[in-house]
Engineer: 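Before anything else, here's the structure in question.
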Amino acid sequence: MNASPPPASLSQLVDDHLLHTIGVEPRRATPVDLVQAVSHIARAELSERWVQNQEQERNGKARRVVYLSMEFLMGRTLCNALAALGLTQETATVLMQRAKSMEDIASLELDAALGNGGLGRLASCFLDSMATLGLPSFGYGIRYEYGMFAQHILNGCQMENPDSWLKDGTIWEFPRPHIAYPVRFGGWVTHENDVARWAPAGEVTAKAYDMVIPGHGTDKVSTLRLWKAVAPDLIDLRAFNLGDYGRAASTKNEYENISWVLYPNDSTPAGRELRLKQEYFFVSASIQDLIHRHLEEHPGLENLAEHVAIHLNDTHPAIAVAELMRILHDDRAMPWNKAWNLCKAVFSYTNHTLMPEALETWDVALMQSVLPRHMEIIFRINKEFLDYAARLRPNDKPFIQRLSLIDDSGERRVRMAHLSVVASHHINGVSALHSELLTTTVFADFAAIWPERFTNVTNGITPRRWLAQANHGLAELLDETLGQTWRLHLEELQRLHNHLADIDFVRRFMTVKRANKARLAQHIAHTTGIEVNPESMFDVHVKRIHEYKRQLLNVLHVVTRYQAILADPKADWVPRTVIFAGKAASSYQTAKSIIRLIHDIGTTINNDPRVGDRLKVVFVPNYGVSVAEIILPGADLSEQISTAGTEASGTGNMKLALNGALTIGTDDGANIEIRQNVGDENIFIFGLKTPEVRALRIAGYHPVDYYQQNPALKAVLDAIASGQFSPDEPDRYRGLVDTLVWQGDHYMLLADYASYVAMQTKVDEVYRQPELWVNKAIRNVAGMGMFSSDRAIEEYARRIWRVQPDLR
Ligand code: 26V
């Protein structure tokens, strides 16, 4: 890896920074001072790499990738930066000399949690891989003042506290005060001789803050450029001059609130206007920025598509299509058709969900008031597209209506996914199943017109964060067994198959897992006060709380097991600790109720002396990147139990298997490809498959039949509904149970219950045979090569963006 200074000079550098940058006498440095000093050393090196990298790209007139995303779940930066810079060992040594461990120091950093879940973390893994593969690239997003909320649990209920990750500033950003663009809103449009003139009503400034994303095993870096909204200086100066500071401040806030807070992904109509402004705000600044950069290197915009590939991470940045058209056609007088062809050569789009409620649409009236010119542009794109479609299928009005960018079945709404599809040369889903479902369901009509545009790129995760940094024990064992190159060539894990019979290797693999479980048990004790036994099976269900992800199905199994233990305490029970973690969006009542139920059930079971060590249930608060780094390496069993056809891919499934957990899961998302790569015997797949889910819905699904015909299921649902776990409020969960038994059970928990519980029994059988279990766990790690985000990014680069990795 990279050459690094010897410890003595690093120690000297730490002292220098303590004295000159932090302003503290080195002997008196606190852990916070130390983390700052060490971070400054890494920052300086990142800064140098960034400058060199930009210079090279400018000189080479590189073709660049621009990745537009509303979300980036970066987590902590320090350890990743040190690893990429090859400074981990030396830093650890220097810190130990000062009686501090790397972990103590690193855990002082707050997570940058600028995302909801999978989509945001994927964007961060992708930046890591783009840097590592040397792809000239920019990620663009919003510098939210408040990231994903901090979750606390009070009496079993989720409480949301603001996540003010910037309260003490962050050392990792590079403010670029000279990089600022105006972003305009509202107003009206006039037309003269086919030329549109937009007279906006308001303007806010977007200011750039960069984070440098280091590649691993290379000096290359990528840039994450985040925009902050700043009110124009002159704002309400009159109020200020008159001494009305309150009004002056509130006007300023009206502008600046655009970059205040990240939206939860189930947000209700309230505040939707602000969300639309956020989307346009960051997209407009980003497009202006990339055009500015292009014009520094090229005389005009005609060749824009040769030098930039713009990727839409879901539809959140889709307004970029109208913005680029506006700039090319209105501002730069490029003929409409030429501008449109350019757009189609520039944009590509990834869909991340089939859930109908997450497919973005905007009220036409709202869009007209916030972005009047963009709305006109969308109407024109739509008219030309529908004219084209009508020529393909004359007289097929339903076809045209289904394709339209405007849904006029009720209040007229803009379908952002349709805008993204018509403007993109490639559209992809995120797992083989999901991509197939896209072309047979939501985008079937588009796939009929343009089959060549649709493709799949299965998601991936970065092995640097999710193995090398999160699981030191396993990383070290792999280094000794395979050498260090698996970090950059994850397919080398295949070679673990040669070590399945190596008793020493297998024993060490088990020892590593045991140590990771002890660390997780400590975290659980520290955050929940519950002591769990690291010898028990750690059964882990961590992800956003959502009905389709079916945490409630897991709960049904937990209660089934509880009742079975009480009925037959002497049976040979495999001790289990069931570990949940995840946030519920603040307005999603059902999800919050599931969190409370998990706590209530945990309280009952954990305190029931008849159960003892056989079963424990815990909920680890405040799930996020850094908490995941503790939980995933300690897992034995990975719960991936969404209703088949609902989870686009999943990436937690990959992280858990990579860390040696066995999956119990449905035939859904990337579980299917995990199964293909680890082998049928090494994964526990159960339940209805996607076509069976569909067939059952069509035939008529009657959950009450399952309730009445399965006594174990009935006993579980009755216990929950009657208040056995909530004696202080017996009806607390009646509604939740009713949605299953009487209100259609939309995600078909009851249909999959028997098969799930039976599969859990098989899990126990295998766990009773530690040698068999560890053999399967190693085969899981060995099979995870293709789930590196390097593979995913290589596919995007070659098949979608046509950008060459630069491995100089
Ligand atoms: C929707 C909305 C709607 C408006 C308010 C804000 C907002 C934010 C996010 C979303 C959609 C979230 C989609 C998402 O996270 N999908 C996940 O993407 C992962 C990466 O591809 C994938 O592994 C997961 O299966 C998929 O659920």
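Read the numbers this way: they start at 1 and go in the same order the structure lists the ligands and their atoms. The shown structure was predicted, so the numbers you read here are calculated from the model rather than taken from an experiment.
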Engineer: Which of the atoms of ligand 1 are close to Glu647, meaning less than 4.0 Å from one of its heavy atoms?
Structural biologist: 24 (C), 25 (O), 26 (C), 27 (O)
Engineer: When the aromatic ring centroids of His311 and Tyr796 are compared, is their separation below 6.0 Å?
Structural biologist: yes
Engineer: Strictly below 4.0 Å, N to O, side chains only: are Glu160 and Lys592 in salt-bridge contact?
Structural biologist: yes
Engineer: Taking side-chain hydrogen bond (donor to acceptor under 3.5 Å, both in side chains) as the cut-off, I'd like each qualifying pair that reaches into residues 783-793, sequence neighbours left out, listed once.
Structural biologist: Ser129-Ser789, Ser129-Asp790, Arg464-Asp790, Arg791-Glu795
Engineer: Run the contact test for Arg275 against ligand 1 with a 4.0 Å cut-off on heavy atoms, strictly below, and give the result.
Structural biologist: yes
Engineer: Can we say Asp680 and Arg675 salt-bridge, meaning some charged N sits less than 4.0 Å from an Asp/Glu carboxylate O?
Structural biologist: yes
Engineer: Hey, are Asp752 and Arg550 close enough for a salt bridge, meaning a charged N less than 4.0 Å from a carboxylate O?
Structural biologist: yes
Engineer: Side chain, backbone, both or neither: which part of Val430 comes within less than 4.0 Å of ligand 1 when only heavy atoms are counted?
Structural biologist: side chain
Engineer: Of the listed options (His316, His352, Met355), which comes nearest to atom 11 (C) of ligand 1 when hydrogens are ignored and any heavy atom counts?
Structural biologist: His316
Engineer: Any non-hydrogen atom of Glu71 lying under 4.0 Å from ligand 1?
Structural biologist: yes
Engineer: Suppose I only count heavy atoms of Tyr548 and a 4.0 Å limit; which atoms of ligand 1 are within that range?
Structural biologist: 27 (O)
Engineer: Taking the minimum heavy-atom distance to atom 19 (C) of ligand 1, which of Ala123, Ala648, Gly118 ranks first?
Structural biologist: Gly118
Engineer: Looking at Gln469, Arg465, Arg76, which one forms a side chain to side chain donor-acceptor pair (under 3.5 Å) with Glu629?
Structural biologist: Arg465
Engineer: May I ask you to identify, for Glu360, whether its side chain, its backbone, both or neither come under 4.0 Å of ligand 1 on a heavy-atom basis?
Structural biologist: neither
Engineer: Would you mind running through ligand 1 and noting each atom that sits below 4.0 Å from a heavy atom of Gly650?
Structural biologist: 22 (C), 23 (O), 24 (C), 25 (O)
Engineer: May I ask whether Phe126 has any heavy atom positioned less than 4.0 angstrom from an atom of ligand 1?
Structural biologist: no
Engineer: Can you give me every donor-acceptor pair (side chain of residues 682-690, partner residue at least two apart or in another chain, under 3.5 Å) with its distance?
Structural biologist:
{"unit_1": "Asn682", "atom_1": "ND2", "unit_2": "Val678", "atom_2": "O", "d": "2.8"}
{"unit_1": "Thr690", "atom_1": "OG1", "unit_2": "Gly645", "atom_2": "N", "d": "3.3"}

Engineer: Side chain, backbone, both or neither: which part of Asn459 comes within less than 4.0 Å of ligand 1 when only heavy atoms are counted?
Structural biologist: side chain
Engineer: Look at Asp407 together with Arg413 and state whether they make a salt bridge at an N to O cut-off of under 4.0 Å.
Structural biologist: no
Engineer: Does an N or O from Thr353, backbone or side chain, lie closer than 3.5 Å to an N or O of ligand 1?
Structural biologist: no
